[in-house]
Amino acid sequence: MTDVRYGREQPSRLSRSIESDLVKRIAVALAAGVVLVLALGGALYAETGYDAWLRYGPLSYAAAKQYQTLPASVVVLGDSSILDSAQKELIRGLRGMLGRTLRANSSLPAEPGIILARLAELRAVSPALKPRAELRADGFWITSVRLRGQACLVITSPTDRGVLYGVFALLRKIALGTPTAKLDEIQNPSAPLRWVNDWDNRNGTIERGYAGASIFFENGSVRADLGRVRDYARLLASLGINGCVINNVNADPKTLEDGFLPQLARIAEAFRPWGVRIGLSANFASPKVMGGLGTFDPLDPSVGAWWQHKVEGIYTQIPDFGGFVMKADSEGQLGPSTYGRSPADAANVIARALKPHGGVLFYRAFVYNHHLDWRNPKNDRAKAAYDIFHPLDGKFDDNVVLQIKYGPIDFQVREPVSPLFGGLAHTNTAIELQITQEYTGQQRHLCFLVPLWKEVLDFNLHAKELATPVKEIVEGKTFHRPMGGFVGVANVGSDLNWLGNPLAMANLYGFGRLAWNPNLSANAIVEEWTRLTFGKQPLVVQTISAMQLASWKVYESYTGPLGLQTLTNILGSHYGPGIDSSEQNGWGQWHRADHEGVGMDRTVATGTGFVGQYSPAVAGMYASPKTTPDDLLLFFHHVPYSYVLHSGKTVIQEIYDLHYDGAEHARQFVKHWETLRGYLDEERYAEILARLKYQAGHAIVWRDAVCNWFRRESGIADARGRVGHHPDRVEAENMQLNGYRPMDVVPWENASGGKGIECAAPEKECTAEFRSDRPAGWYEIDVQYFDQNNGESRFRVLVNQQLVDEWRAGDHLPSNQPGGDTSTRRWITGIALRAGDEIRIEGTPDGEERAPLDYVEVRAMEAESGSTSK
Ligand code: GCV
């Protein structure tokens, strides 16, 4: 690979904004941080990521000093498991941060105290104490007052849950060093429904989960030990999340079997002390497939009676059951269309069963036909949700909430906002966001999604005269709806750090904080999260925050810029590149690239008409390529490759440039992270470094696959001469092979030159060697190999017979084939080479994995001299 000095001659938007921000923040922080880390010396301790943002690490002497006046006792007025959690959490947090253990009391003592109480109980002891503004359910008031002559800090709310949230808010303030002496603060949640969904299966797997097995289920049963569930509930409560659906929306009908309910009740019990109600994904065909009826027709009275009986059974076991989420008539799940009934018929029959118990029915608007005829240019999956649900507006009962994914397709790296939010003036709605990074790098790539979510939530749909940002629609404000909110698909797993990567936890944190207050900025959220998760050293905070904030656009730029959507293999893992996979099939994730041009015409005038689902102001913007923002151009318009963007570049050149910029930025993440060595615990430092290095290598796989594919399709060369030219690269199939044989990789663009090599025989060592023709100097040898899931091959790299590196291909990537999902880079830095040196790679196959290799790059290290990391 050439040493890409991207952006120097003609910096792209991505380069300019991200680079300068990162460099500025880190320079400032370096100046301040160096001093701090020296002062801290050996204070860093081992971390697993398990405690996430609730570490309650000891504050420095200076930071702790301002909290010396906090009372020595914590008093709970009232009796409930949630208040008990609140009291214990406060004691735990203050002990961790301040080294002080509060006295626990249950009545007002004759000394200053921190008082935890619902408003009702507080009034009984102090009738005059009233919040100065409205306190809604789950909202809280933290105030410093005198009670019976004693200086007290009161945390109160109309609900137990609100008191708990107030405690977490106070602990967060202390962890962040915010003064608490004169507090008088009221916070109300943005919306009543702040839920997560977990797509766990009874067999212990998780659909689109990337962090190990289910914390709920194992071998068909609820786990015996629910310790992880309790700790998950605590994390959720700390963000104000009040509901959790615990099973896959592709729901197993057996979930609702009577015999299973007592097991589910155990999960509800684990959540209850943290104020998190459980919900279940229900299979719409349950009355028939497990309920013994001959039908699941929602208008058949026997079906209504079945749901009523079932729901009563659930409430007997789980009195605070939150409700169901329903995926019906979608991706193979049966639904009301079987009987010619509407989603409103389906939702209402179940909602009516839930209503007397206070339960909610989340009906997912993710309904579309995945057998669309791709040959018909008028067909468009993006139109489905609006076409189906807009005509039903006003027909849903009041305890039904339509759960709508943020975009009209499916959690792509970028989509426009779903027009359906603007088309439901008489229906409760909730926005569905995806915390688990299905299409955004599966927690192996850094991709902080809060900036994406902010763009969506702040987007003005112009659904009424005044501004109608999406956040206000789902809060229920715009259309004066009684209910609404936020749903995040979390999919935490049993990996100790919950999401498989400590940095990915910023997405869970960010989701919760936005659900509580969507007006928070991405900047504020990430800084807060970083300080809570990694401590307050300026270098750490600035570096991690800057990397996180840059990461979504970096990921977008090498996986699907300009509104192309994530160009991944949509028929399989949704992970590595698979540019063709979205075409010529019924799934409707089309980008319509051909020899002439690229993008999908969704205009009313000449295309599918999707644009017409927006209000006139928004539709007007998307109607023409001239007024459509560049980053969504190809979602709305089919244009020739030579079309000139607002950036001044042609579409094809922007595709090339963004991919090169993105891959280079991913490489820079590694460099930025390396500046943190010694500032963090070694465990998380090393774990994250490994992920970032992996990402930097995989970003190159993405870059080359997409650029080569478009180069071939468009026939237009890269004006900067990079695409298809890799002067540092030696293709494995061109090396001297012993035991290895060339193989074709499918699709061709997922391997350099479309080919790799593999050992011809199982379990027999093979070698591939070549001689370097580079002048004497320090080099990096990058080995691109395939790490399949069906074996753990071993590799050794020797320079002139001297072993310089060895490793096992033991990662768990989502494929058994050599290709875009499995292509992995080993970075071997700091190697002294002279012309004529022999570089040999020895591969030892294992199982079905034949030590497959793609290529080797020998790159001069001048730019990074001094780095010795591996
Ligand atoms: C749970 C996408 C995912 C599916 C998921 C579906 C949904 O299609 O790939 O795994 O199914 O969305 O949200 O229902």
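When a ligand or atom number is given, it counts from 1 through the structure's own listing order.
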(Q) Salt bridge or not between Asp398 and Arg481? Use side-chain N to carboxylate O under 4.0 Å. (A) yes
Q: Give the protein residues with at least one non-hydrogen atom closer than 4.0 Å to an atom of ligand 1, ordered by chain and number.
A: Trp199, Glu207, Arg208, Asn248, Val249, Asn250, Lys327, Glu331, Arg364, Phe366, Lys405, Asp410, Glu438, His574
**Q.** Listed once per pair and sorted, the salt bridge (Lys or Arg N to Asp or Glu O under 4.0 Å) pairs that draw on residues 557-581, sequence neighbours left out
**A.** none
Q) For Phe635 and Pro408, which heavy atoms make the closest approach, and how far apart are they? A) CZ-CG, 3.9 Å
Q: State plainly whether the residues Arg444 and Asp811 are in salt-bridge range, i.e. N to O under 4.0 Å.
A: yes
Q) What pairs meet the salt bridge (Lys or Arg N to Asp or Glu O under 4.0 Å) rule with one or both residues in residues 555-579, with sequence neighbours excluded? A) Arg414-Glu556
Q: May I have all residue pairs that pass ring pair (Phe, Tyr, Trp, His ring centres under 6.0 Å) and include part of residues 334-354, sequence neighbours excluded?
A: Phe296-Tyr339
